[in-house]
Amino acid sequence: MKWISGIVLFLMMGSSSLPGQEAPQLWHGKERSLRYRPEGKGFVIENGTLRYNKALYGINSSFRVETSDQPVLGLYMPYMGGNLQWGVRSGTESKWLVEADYVRSVYEPGIRRYEIKDALLGKGQLVIEVLAMGDANGVVVRLSGKDLPPDLRLMTMYGGADSKRFFRNADLGVDVANAFDLNPESCLNNDYELDGSSFTMAYGQDSRNPTSVRGRFSPGTRLRLGSPYSVESPAAVWDSEVTASKPVLLAEFPAGSDEVHYLALKNAADDSGIPGAQLEALFERADERRKEVASAVVMDTPDPYMNPIGGVLSTAADGIWDDVWLHGAIGWRMPLNGWRAGYTGDFIGLSERNRRHFNRYAASQVTEVPPVLSHPAPDSALHLARPLKEWGTPMYSDGYICRNPENNNQMHHYNMNLVFIDALLWHLNWTGDLAYAREIWPVITRHLEWEKRNYDPDNDGLYDACASIWASDALYYNSGAVTYTSAYNYRANRMAALIAEKLGVDGIAYQKEAENILKALNERLWLEEEGHWAEFQDFMGQGLLHTRPGIWTIYHAIDSEVHDPFQATRPPATLIRKSRISRFWLKA
């Protein structure tokens, strides 16, 4: 079970010891204590310092709320939609809450909650709860307190929206860490209209593509504009002279009454506004949606590190859906048919999403471009590292599935067919839907012909690999015989034979191909003394075996069931256990 706990540690950005325990860990050879710890279905950090490290997703669009270990948010509207943070004033003193004495930040799937204590709060506590809206591209926040000083005032500051295009959508580790910080220069041309406790703000450097945000606060909130050059304290910015061309929005209300307050900001393109009487209902709808998403997979075990897995994975999976499964939720947020997201829908109980994903990409499969060459056609301008992008070459011919859904004229240098078809076959295995199997059968058979034509033209049963799995960008085999692609094709042909039998069509060719692949894998690529498969065998030269496989070779081979029980238990394959969820197709 240790490897599962490791997944949770990764998702929790470096977990922590349980309360009262010391848990030193080694990181690059140095001992350190992990900072995040599991709690129920989420995880907690106290007085954390990292910003914009846990995104909240809403209605399956590119909008997101970037939350931090501290109470400061970044909005992706898309692009830079502004910075949102809070401060308090009591008498002549004021403080930004990012500087509070104690901040306990709790992430549960789809929500970030801050529990704040400070000398300015006396014996009381502030709680800030943040959600992405469930029905619009926006954020909704609930602010509440208990036992707070009667003269305490809570201030919200928002600004810095400039339609800034990040390098990779402000992805962690790629764009700068402070990408969503408030920058006075980003406040340029932020044009606010204030109306009681609501506002509209137009922004953006491109006058041809105007963007605007609507916002509303609970009744009784005072709104005004301030200067982004005077943000050393809440008091200073509240009292600042407004810089007309570079303003920030300030909203203040009395917090000492222990009343619950709300605020909501959304992309104004969604609709006309946010009714003040609906702020609480807006928060509750968003909370219900995130609970529904998180409940798709629930884990309840004695291991506290495992229990967050289900909700965290379900929420992350929902974040990569936008009418098809996307490459990523933040960086590389784009359609890409063969990335591994295609397995997701069945796992979280949304098989209808998988069906739409498969159907949309099936419409992009090439059907009227027969190959004019009988051999691969690498591109000499790219030093033979990628296929030549010309229709009628073996890569770009009948059976090829294009990179964008419903568009059969979009080439890509990846072999996205391989994993796409594997995900499709798992979907059929999961659902047992013979009617859909019959409908999608031509897509499968065209793919198998295309795969054989491109990657096993010598018919030796072992397939070459060309940019076909998640590790593919750095993997080149020069027409070699590769374990993991051969394993994928073994399973695909074996499944095709089973499906053909159930559909009442001739599947003997697929059964023979599966047998041919399995025989070649065992005779040429299985390393008996090592207890695992070789990565590949050279096509040229002396036909050398590359005997140190990547971990992908081990688990793809086992997942495709090319092993026998003895092979599966040999080191290092014991690190990865065979798992199955449905056996529909394998039950005669």
Side-chain angles (χ1 to χ4, degrees), residues 47-53 65-77 79-103 105 114 116 118-121 126 128 130 139 141 143 151-164 170 176-194 197 199 201-205 213 215 217 221-255 261 263 265:
N47 290 336
T49 59
L50 299 181
R51 293 190 176 188
Y52 320 121
N53 59 355
V65 185
E66 283 288 0
T67 70
S68 310
D69 295 343
Q70 307 164 325
V72 55
L73 313 178
L75 303 183
Y76 189 83
M77 277 290 183
Y79 316 128
M80 178 53 177
N83 175 278
L84 192 63
Q85 57 181 293
W86 292 270
V88 289
R89 295 203 294 167
S90 181
T92 60
E93 297 182 89
S94 69
K95 177 184 282 190
W96 293 112
L97 293 183
V98 295
E99 301 167 350
D101 298 336
Y102 174 81
V103 177
S105 172
Y114 303 98
I116 304 160
D118 188 84
L120 283 182
L121 306 183
L126 269 173
I128 301 175
V130 183
V139 58
V141 181
L143 307 106
D151 66 339
L152 188 75
R153 304 189 70 80
L154 179 62
M155 189 182 79
T156 302
M157 181 171 67
Y158 168 69
D162 69 351
S163 296
K164 174 184 177 182
V176 295
N178 63 349
F180 286 100
D181 278 357
L182 179 64
N183 179 353
E185 297 305 311
S186 297
C187 299
L188 180 66
N189 297 326
N190 285 191
D191 185 11
Y192 291 91
E193 292 184 9
L194 309 186
S197 59
F199 74 93
M201 188 264 282
Y203 70 97
Q205 307 303 320
V213 171
F217 299 80
T221 303
R222 294 174 58 202
L223 303 186
R224 62 156 297 173
L225 300 180
S227 169
Y229 294 102
S230 301
V231 297
E232 58 269 21
S233 71
V237 71
W238 185 263
D239 296 333
S240 65
E241 294 292 329
V242 176
T243 303
S245 63
K246 296 180 182 178
V248 291
L249 176 74
L250 308 172
E252 188 178 73
F253 62 84
H261 292 261
L263 67 92
L265 284 75

Would you say that [X] contacts [Y] through its side chain, given a criterion of any heavy-atom pair below 4.5 Å between the two side chains?
X: Tyr158; Y: Leu75; result: yes
X: Met201; Y: Leu265; result: no
X: Val103; Y: Gln70; result: no
X: Leu84; Y: Leu263; result: yes
X: Leu250; Y: Leu225; result: no
X: Thr67; Y: Tyr114; result: yes
X: Arg224; Y: Trp238; result: yes
X: Leu143; Y: Trp86; result: yes

Distance (rounded to the nearest 0.5 Å) between [X] [atom1] and [Y] [atom2]:
X: Leu154; Y: Ile128; atom1: CG; atom2: CD1; value: 6.0 Å
X: Ser68; Y: Leu50; atom1: OG; atom2: CG; value: 9.0 Å
X: Asn183; Y: Asn178; atom1: CG; atom2: CG; value: 8.5 Å
X: Leu73; Y: Phe180; atom1: CG; atom2: CZ; value: 10.5 Å
X: Phe199; Y: Glu193; atom1: CZ; atom2: CD; value: 11.5 Å

Indicate yes or no for a side-chain donor-acceptor contact from Ser227 to the backbone of Ser240 under 3.5 Å, with no hydrogens or angles considered. no

Treating Tyr203 as the side-chain partner and Gly159 as the backbone partner, does any N or O pair qualify as donor plus acceptor under 3.5 Å? no

Residue pair [X] / [Y]: nearest heavy atoms and the distance that separates them:
X: Gly160; Y: Ser186; result: O-CB, 3.5 Å
X: Pro71; Y: Val98; result: O-CG1, 3.9 Å
X: Asp181; Y: Met80; result: O-CE, 4.0 Å
X: Asp151; Y: Gly91; result: OD2-N, 3.3 Å
X: Ser105; Y: Asp69; result: CB-O, 3.4 Å
X: Ser197; Y: Leu223; result: C-CD1, 3.7 Å

Can you give each donor-acceptor pair under 3.5 Å made by side-chain atoms of residues 228-237, sequence neighbours left out, with the distance rounded to 0.1 Å?
| from | atom 1 | to | atom 2 | distance (Å) |
| --- | --- | --- | --- | --- |
| Tyr229 | OH | Glu185 | OE2 | 2.8 |
| Tyr229 | OH | Lys246 | NZ | 3.0 |
| Ser233 | OG | Ala236 | N | 3.0 |

Restricting to side-chain contact (heavy atoms from CB on, under 4.5 Å), what partner residues turn up for Asp118, sequence neighbours left out? Lys95, Ala100, Asp101, Leu120, Leu121

Could you check whether Asn83 and Tyr52, counting side-chain N and O atoms only, form a donor-acceptor pair closer than 3.5 Å? yes

Glu99 CD: over 12 foreign heavy atoms closer than 6.0 Å: yes

Residue of the set Arg51, Glu66, Met157 for which side-chain contact (heavy atoms from CB on, under 4.5 Å) holds with Val72: Arg51

